[in-house]
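A short write-up of the structure that comes next.
Small disclaimer: the values here were computed from a predicted structure and weren't measured.
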Amino acid sequence: MTLAAATQTRQTSWPAHFTGVAAARSVEALDESHREEILRFLSERPLHTVYMSGLVRDNGVQSPFNRGTFYGCRDAAGALEAVALVGHATLIEARTESSVAAIAEFAQRGTRLHMLLGEQERIEQFWHYYSPGGRAPRRFAREMLFEKSWPAEVCEPVPALRQANMGDLDVVVAAHARMAFDESGINPLETDPEGFRLRCARRVGQGRVWVVVERGRLLFKADVVSETPEVVYLEGVYVAPEERGRGLGRRCLSQLCNDFLSRAGSVALLVDERNDPAAQFYRSAGFKLRSFYDTIFLRTEG
């Protein structure tokens, strides 16, 4: 089985075009012909749209690797008013509440939503319109969006920090699965072991996972999830418990950020607001709080 075939998610039964009655806005599926229009729209707020922009740049508008479908909502003049990725992870970049309402009403008709993620105000708006007819929530979380830009600190380099290779896959998968479970309460190695491993392998193959491995033990890991000319977005930053508070994580992160900032304006990541040690770690590494994000995990269907 090819990687693309193995990671492809089941398509929903949504129509390609739907008119949201409540908001009187048109919602349409987007395709490759809309690529540049989507990127122009998203580039107006690069810090908040790096994830969606990166997917389009990496995979195109229509790809199983996006784990969902891109939709657009247009105003009366036909200009994009919102772009949303609706699927496993649902994200929305919108200019008006009416376009949020239209996409939320549209998303009620889908069956594959796993989680909603976005800026606090937008998710509150989306949930207001989605919840009456949509799937029930399983878990709520609030996260802080941190950003780091120049001037960057210079720490002692870590010679062992390198891009991961396929020989590191087992320890990378194990660490990433633990972090996913801590965040969502679901162990992806139980719910989707093959797909999760293949997605991790693809990221390793793209040269986007950085590690320090010592005698088979993973001491540090960080993943570049998405990259645009403006922002590099990280997730899965892991420091082995026995190394925490000893400076390795900060040195590795500093080294990576200095490299990333040589080609992008900033580095960004999300931190659970309940994880005060992590927030303090990123602040000490020069990251600044920019915004609050909400995540809603939805119940799986019985």
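- The aromatic rings of Phe260 and Trp210 sit perpendicular, their planes meeting at an angle over 60°, well past the 30° parallel limit.
- Between the side chain of Arg142 and the backbone N or O of Asp294, no donor-acceptor pair lies under 3.5 Å.
- Checked by atom type, the side-chain pair Gln125/Arg122 shows a donor-acceptor distance below 3.5 Å.
- The two residues Ala264 and Val232 come nearest to each other via the heavy atoms CB-CG2, 3.8 Å.
- A side-chain donor from one of Thr295 and Glu143 sits under 3.5 Å from a side-chain acceptor of the other.
- Of all the heavy atoms in Val50 and Tyr233, the pair that sits closest is CG1-CB, 3.7 Å.
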Would you sort out whether Arg251 and Cys155 count as a side-chain contact (heavy atoms from CB on, under 4.5 Å), showing the intermediate values?
CA-CA 6 Å; Arg251 290 165 58 206; Cys155 293; 4.1 Å; yes
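- Annotation: cation-pi geometry satisfied between Arg95 and Phe41 (NZ/CZ under 6.0 angstrom from ring centroid, within 45° of ring axis).
- Annotation: the span from His48 atom NE2 to Ser291 atom OG amounts to 5.0 Å, rounded to 0.5 Å.
- Hydrophobic clustering (side-chain heavy atoms under 4.5 Å, transitive across Ile, Leu, Val, Met, Phe, Trp, Tyr) keeps Tyr282 apart from Val225.
- When all heavy atoms of Leu256 and Ala222 are compared, the closest pair comes out as CD1-CB, 3.9 Å.
- Panel note: side chain Asn66, backbone Gly60; a donor-acceptor pair is recorded below 3.5 Å.
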Go through the steps to decide whether Val212 and Arg217 satisfy the test side-chain contact (heavy atoms from CB on, under 4.5 Å), and finish with yes or no.
CA-CA 8 Å; Val212 175; Arg217 294 167 48 245; over 6 Å; no
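- Using a 4.5 Å cut-off on side-chain heavy atoms (C-beta onward), Asp168 and Lys221 make no contact.
- Not a single ring pair (Phe, Tyr, Trp, His ring centres under 6.0 Å) links Tyr51 to another residue, sequence neighbours left out.
- Here the side chain of Thr228 pairs a donor or acceptor atom with the backbone of Val231 at under 3.5 angstrom.
- Using a 4.0 Å cut-off between charged side-chain N and carboxylate O, Arg208 and Asp58 make a salt bridge.
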Could you check Leu253 against Lys148 for side-chain contact (heavy atoms from CB on, under 4.5 Å), going step by step and ending with a plain yes or no?
CA-CA 11 Å; Leu253 190 60; Lys148 180 175 183 175; over 6 Å; no
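- Between the side chain of Gln108 and the backbone N or O of Tyr129, at least one donor-acceptor pair lies under 3.5 Å.
- When atom types are taken as modelled, the side chain of Glu147 and the backbone of Ala268 share no donor-acceptor pair closer than 3.5 angstrom.
- Taking hydrophobic clusters as Ile, Leu, Val, Met, Phe, Trp and Tyr residues chained together by side-chain heavy-atom distances below 4.5 Å, Val100 does not share a cluster with Leu91.
- In plain terms, the two heavy atoms of Asn59 and Arg202 that are nearest each other are OD1-NH2, 2.9 Å.
- Under the 4.5 Å side-chain criterion, counting only non-hydrogen atoms from C-beta, Lys288 is not in contact with Ser266.
- Note that CG of Leu85 is 10.5 Å distant from NE2 of His88, once rounded to the nearest 0.5 Å.
- Of the inter-residue distances, the one linking Met52 atom CE with Leu39 atom CG reads 11.0 Å to the nearest 0.5 angstrom.
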Go through the steps for His176 and Glu235 under the test side-chain contact (heavy atoms from CB on, under 4.5 Å), then give the verdict.
CA-CA 10 Å; His176 206 65; Glu235 76 171 22; 3.6 Å; yes
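- Side-chain contact, Thr49 with Glu93: no donor N or O sits under 3.5 Å from an acceptor N or O.
- Nearest heavy atom pair, residue Arg139 against residue Ser184, reads NH1-C, 3.0 Å.
- By the 6.0 Å contact criterion, CD on Glu121 is open, its count of non-hydrogen atoms from other residues, nucleotides or ligands being 12 or less.
- Tyr71 and Val56 are members of different hydrophobic clusters when ILVMFWY side chains are connected at heavy-atom separations under 4.5 Å.
- Considering all non-hydrogen atoms of both residues, Leu42 and Val83 come closest at CD2-CB, 4.3 Å.
- Using a 4.5 Å heavy-atom threshold, the side chains of Arg290 and Leu47 count as touching.
- In this structure, Val239 and Leu219 have side chains that are not in contact, with every pair of non-hydrogen atoms separated by 4.5 Å or more.
- Note that the CG atom of Leu30 and the CD atom of Gln62 stand 8.5 Å from one another [nearest 0.5 Å].
- Ile296 contributes atom CD1, which lies 8.5 Å from atom OG of Ser131 (distance to the nearest 0.5 angstrom).
- The SG atom of Cys200 sits 7.5 Å away from the CG atom of Asp223 when rounded to the nearest 0.5 Å.
- Phe196 belongs to a hydrophobic cluster with Met166, Leu169, Val171, Val172, Val173, Met179, Leu189, Val204, Val209, Val211, Val213, Leu218, Tyr238, counting contacts under 4.5 Å between side-chain heavy atoms of Ile, Leu, Val, Met, Phe, Trp and Tyr, direct or through other members.
- Of the possible donor and acceptor atoms, none in the side chain of Arg250 sits under 3.5 Å from a partner among the backbone N and O of Phe281.
- Note on ring orientation: taking the six-membered ring where Trp is involved, the planes of Trp127 and Tyr130 are tilted (angle from 30° to 60°).
- Using a 4.0 Å cut-off between a side-chain N of Lys or Arg and a carboxylate O of Asp or Glu, Glu37 and Arg40 do not qualify as a salt bridge.
- Cluster annotation: Phe220 is connected to Val267 through the hydrophobic network of ILVMFWY side chains, with a link wherever side-chain heavy atoms come within less than 4.5 Å.
- Counting heavy-atom neighbours within 6.0 Å of Arg246 CZ, excluding the residue itself, gives a total of 12 or less.
- Following chains of ILVMFWY side-chain contacts shorter than 4.5 Å, one cannot reach Tyr293 starting from Phe287, and the two form parts of different hydrophobic clusters.
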